[in-house]
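For reference, the structure discussed in these notes is given below.
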Amino acid sequence: MLHQIVSHIARRWQPARLATTPAERRAIARLRYQIYVEEQGDARPDADHHARVVWSSIDDEAGTLHYYAGSPERPAGSLRVRVWAAGRAPADVRERYGLARIPGADRVAGCDNTFLMFRRSLRGTAAVAAMLSTAARDVVDRFGCHLVFATCSPGQLPIYQARGFRTYAWAIADRSFGLQVPIVGATFDLDHLKRVGSHLWRAWARHLRREE
Ligand SMILES: CC(C)(COP(=O)(O)OP(=O)(O)OC[C@H]1O[C@@H](n2cnc3c(N)ncnc32)[C@H](O)[C@@H]1OP(=O)(O)O)[C@@H](O)C(=O)NCCC(=O)NCCS
């Protein structure tokens, strides 16, 4: 009961939005450093230990979006999304997710979700799902994405499977995050997404029905 109340408050008071200013991006880079370097002790090649930020050139590319929850000065969580048009996935993404081996993947727009993170106090609350829903709705509405890719550690797989993502491939070795499992959520997998109560179903169902 207490968890439900906290969860409800978190969703209401930590609305998710797209970062549009350099200050918002800087705050996200700082939060990444706090979580990945200071909390988790990751030896990240993209960490700047002097400025205490984690950021790379990919973060500044035109197709890279940064969603965050909470205040612009001190975000509570964030998510990086790289979007691409049909057949235009960046080379590193193509290789990471083995796109050439997924029939039809090149015929639809897609996106790559990385750097999903929340401050400890908000993990396990509805604020996480709310931010993921905002991003999922946005990538379908604005960019027509039909495939949402991500990777996670084997230990985090249940979190993502409970959200409707499916495994489809081999695990990969990532220089920053160690062993990672590729996962995908697809707009044409609505029945499965509905069955598991996925945030993707809630984000996509209305939009996709309108399209039919
Ligand atoms: C990723 C994240 C936003 C997910 O938040 P969430 O959906 O609210 O899920 P939770 O953090 O509450 O985790 C759910 C369960 O998975 C477990 N879990 C989380 N990360 C795990 C890991 N790396 N290995 C094993 N178990 C893990 C949690 O302990 C929790 O277990 P419980 O339900 O028994 O308490 C949050 O875990 C986070 O911010 N983690 C730090 C950043 C990170 O590792 N991001 C992923 C890589 S980019």
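Small disclaimer: the values here were computed from a predicted structure and weren't measured. Every heavy atom of this structure was used, including side-chain atoms; hydrogens, water molecules and symmetry mates were not.
Going from atom CG of L79 over to atom CG of L132 covers 6.0 Å, rounded to the nearest 0.5 Å. Atom-to-atom distance recorded for I35:CD1 and Q40:CD is 7.5 Å, nearest 0.5 angstrom. Taken from CG in D138 to SG in C145, the straight-line distance is 9.5 Å, to the nearest 0.5 Å.
With 3.5 Å as the limit, one finds no donor-acceptor pair spanning the side chains of D48 and Y33. Side chains of S198 and R163: no donor on one and acceptor on the other come within 3.5 Å. Side-chain contact of R119 with Q34: a donor-acceptor pair under 3.5 Å is present, judged by distance alone. Side-chain atoms of R96 and T151 form a donor-acceptor pair, as typed in the model, at a separation below 3.5 Å.
Salt bridge D60/R25: present, at least one basic N to carboxylate O contact under 4.0 Å. Of the charged side-chain nitrogens involved, at least one lies within less than 4.0 Å of a carboxylate oxygen, so that D92 and R82 count as a salt-bridged pair.
Residues A171 and L179 come closest through the heavy atom pair CB-CD1, 3.9 Å.
Applying the 6.0 Å contact sphere to CZ of R94 captures more than 12 heavy atoms from other residues, nucleotides or ligands. Heavy atoms of other residues, nucleotides or ligands lying less than 6.0 angstrom from CD of E39 number more than 12.
Looking at residues two or more places apart in sequence or on another chain, you find a side chain to side chain donor-acceptor pair (under 3.5 Å) between E24 and T20, T21, Y68. For the side chain to side chain donor-acceptor pair (under 3.5 Å) test, no residue two or more places apart in sequence or in another chain qualifies with R88.
V37 and I28 fall within the same hydrophobic cluster, where Ile, Leu, Val, Met, Phe, Trp and Tyr residues are linked whenever their side-chain heavy atoms come under 4.5 Å apart, directly or through other members.
In this structure, S56 contributes its side chain and D46 its backbone to no donor-acceptor pair below 3.5 Å. Using modelled atom types, one side-chain atom of Y168 and one backbone atom of Y97 make a donor-acceptor pair closer than 3.5 Å. In this structure, the side chain of R202 engages the main chain of G197 through a donor-acceptor pair within 3.5 Å.
With a 4.5 Å cut-off on side-chain heavy atoms, F188 and L147 count as touching. Residues S78 and Y67 form no side-chain contact, since every pair of their non-hydrogen atoms from C-beta on lies 4.5 Å or further apart.
The aromatic ring centres of W204 and H146 sit 6.0 Å or more apart. Taking the six-membered ring for Trp and the full ring otherwise, the centers of Y36 and F177 sit less than 6.0 Å from each other. Between F165 and F149, the distance from one ring center to the other does not fall under 6.0 angstrom.
Taking the ring axis of F115 as reference, the NZ or CZ atom of R32 stays within 45° of it and closer than 6.0 Å to the ring centre. Taking the ring centre of W170 as origin, the terminal cationic atom of R101 falls inside the region bounded by 6.0 Å and 45° from the ring axis.
Residue E38 is tested with R120, R44, R52 for a salt bridge (charged side-chain N to carboxylate O under 4.0 Å, His left out); the sole match is R52.
Residue pairs meeting the side chain to side chain donor-acceptor pair (under 3.5 Å) criterion with at least one member in residues 128-137, sequence neighbours excluded, do not occur.
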Evaluation steps, side chain to side chain contact (heavy atoms under 4.5 Å, CB included), between V181 and Y160: CA-CA 11 Å; V181 183; Y160 295 95; over 6 Å; no
